[in-house]
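A, B, ... follow the sequence lines: proteins, then strands. Residue 1 opens every chain. What you are looking at is a predicted structure, and each value in this text was computed from that prediction instead of being measured.
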Amino acid sequence: MRIHLTVNGTGRTWEVAPGDTLLDVLRREGFAGVKKGCGTGDCGACTVLLNGRAVNACLVLAVKAEGHTVVTIEGVAQGGRLHPVQEAFLEAGAVQCGYCTPGMVLSAVSLLSHNPDPSEAEICEAISGNLCRCTGYVKQIAAIERAAARMRESQ
Amino acid sequence: MAVHQIRSVVRPATLEEAWECRRSEPGASRFLAGGIDLVLYVPPTVSTLIDLSCLGIDAVRQEGSDVVMGAMATLTEVLESPLVGEFAGGFLRDVLRRVASPLQRNVATLGGAVVRAHPWSDVIPALLVLDAQLDVFDGRRSTVELSEVRARSESPSPLVLTVRLPGASCDGRGAFEKFARTGFDVGVLNCACFAIIERGLCRTARVAVGGTPSVARRLPRVEETLVGKPLSASQIALAAQTAAGVVDVRDDRRATAEYRRVLTAVGVRRCLENLAGLGSEVKE
Ligand SMILES: Cc1cc2nc3c(=O)[nH]c(=O)nc-3n(C[C@H](O)[C@H](O)[C@H](O)COP(=O)(O)OP(=O)(O)OC[C@H]3O[C@@H](n4cnc5c(N)ncnc54)[C@H](O)[C@@H]3O)c2cc1C
Ligand code: FES
Ligand code: FES
């Protein structure tokens, strides 16, 4: 089957099998920042934005992306500048092995685009589907608070 | 992982077309909504998916005093809807916030949650106590009780168009308890209670318990103990004790029947105490 979608701002037409997941297809097409962990919706390593909302690419059939917009971690930085969430993750030391980081960052980007001033509870809720085996989540939460403050200041 | 057995995905433009596709291949086809359940649990005989995304059944709207939620609305769209936020004090919104994480809720649809009806579903007990109805299509449109669709044995089961919250439930209040190992895990048991309180007495009381480990059911014997009574400490204790006595529980790998019986009493008590704090002036 042929699908037409926009990935990181560029229109794409891909040939996919009807049962392919979005995760299978994105990785096959070279978007290796979309990680595969569990494949069952439990870890969040495969998080991408579908029409601006964070989703598990492993649970979405590629055909469901027909006509829609996908953003992967590769498309978050703009014009050679890191996104404020990425900068804040670096500054706060929120990355250890980094396997969960693309998913965490995309969940945070999705949250801040809908809620510019989230409480700590709302941040925890937003990243509740993104598991991290290395950190204790404290630095990621601090990073998202820092990014939110910076994004509000620059409005 | 790719679902290799899927050979085709069709995208009908009308209800009639969608139903015809499903009816002509009952064993080999399924309706495709968000697809998060089908990706994980597609039955081995299924090779055709019928994508419902072009049928225009995704809006949340008011119809008279009812709130009507399109089956293709995602759980996020439902919980963010101001109409749902204002219905019964935002009870359904608060329950949906406890379903999985935003990553799943941004894709999973209300129709998928209702039809899949996992034994541990949090959505089903909430809809049961709100007395939700379903507008369905099986060659013709009809409105049926939520429990009726689940009890139907014919194959294929109808296409769900909308989930309807009856205006009569709008002025009540609901409370929900989910017992799970972590916030993200599915529940070992869940419990929803709903009441309309007038002059300190329960005019309406509904109680449902799920994950027993069967899918949620109403407990009419418990409801009878509450109707016409105040939500007092002694009345709540009686309801909790009755619930523990009548609930149909079993062992499974998550919990023993005995533990579930205890959780039922705790869940019903906590929900009713919560409702008493919100709606009733009468306390002992
Ligand atoms: C990782 C994970 C965690 C979860 N956690 C929770 C939780 O904490 N609490 C909870 O309550 N639930 C939970 N769920 C269940 C989740 O809510 C349901 O799986 C989801 O709502 C299904 O919706 P869908 O749109 O993806 O359905 P689909 O996968 O598209 O469909 C599911 C089934 O319903 C049928 N169907 C779908 N729409 C219709 C329709 N309109 N008419 C007729 N048939 C239809 C399909 O044919 C299929 O058989 C979880 C699921 C996953 C994968
Ligand atoms: S790989 Fe998708 S949630 Fe783990
Ligand atoms: S940094 Fe290693 S899993 Fe999160």
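Only the side chain of Thr47(A) comes within contact range of chain B, judged by heavy atoms closer than 4.5 Å. Only the side chain of Thr76(B) comes within less than 4.5 Å of a heavy atom in chain A; its backbone stays farther off. The contact between Glu80(B) and chain A is made entirely by side chain atoms (from C-beta outward), counting heavy-atom distances below 4.5 Å. Within the 4.5 angstrom heavy-atom criterion, atoms from both the backbone and the side chain of Val3(B) approach chain A. Proximity to chain B (any heavy atom under 4.5 Å) is shown, for Ala17(A), by neither the backbone nor the side chain. Heavy atoms of Glu125(A) lying under 4.5 Å from chain B belong to its backbone as well as its side chain. Only the side chain of Arg105(B) comes within contact range of chain A, with at least one heavy atom under 4.5 Å from a heavy atom of that chain.
At most 12 heavy atoms of other shown residues, nucleotides or ligands fall within 6.0 angstrom of atom OH in Tyr259(B).
None of Ile6(B), Ile36(B), Leu49(B), Leu38(B) except one satisfies the side chain to side chain contact (heavy atoms under 4.5 Å, CB included) rule with Leu61(A); the exception is Leu49(B).
No other option in Val55(A), Val60(A), Thr21(A) has as many heavy-atom pairs under 4.5 Å with chain B as Val55(A). Chain B forms the most heavy-atom pairs under 4.5 Å with one residue out of Asp42(A), Asn51(A), Leu50(A), and that residue is Asp42(A).
One distance of note links CD of Gln104(B) with CG of Asn56(A); it measures 4.5 Å at 0.5 Å rounding. Note: Arg97(B) CZ to Ser128(A) OG = 12.5 Å, rounded to the nearest 0.5 Å. Between atom SG of residue Cys46(A) and atom CG of residue Leu103(B) there is a gap of 7.5 Å, rounded to the nearest 0.5 Å. Separating the OG atom in Ser53(B) from the NE2 atom in His68(A) is a distance of 6.5 Å, to the nearest 0.5 Å.
The backbone N or O of Ala2(B) sits nowhere less than 3.5 Å from a side-chain atom of Asp20(A) that would complete a donor-acceptor pair. Side chain of Lys64(A) to main chain of Val107(B): no donor-acceptor pair is present (N/O by atom type, distance under 3.5 Å, no hydrogens or angles).
In plain terms, the two heavy atoms of Arg11(B) and Val63(A) that are nearest each other are NH2-O, 2.9 Å.
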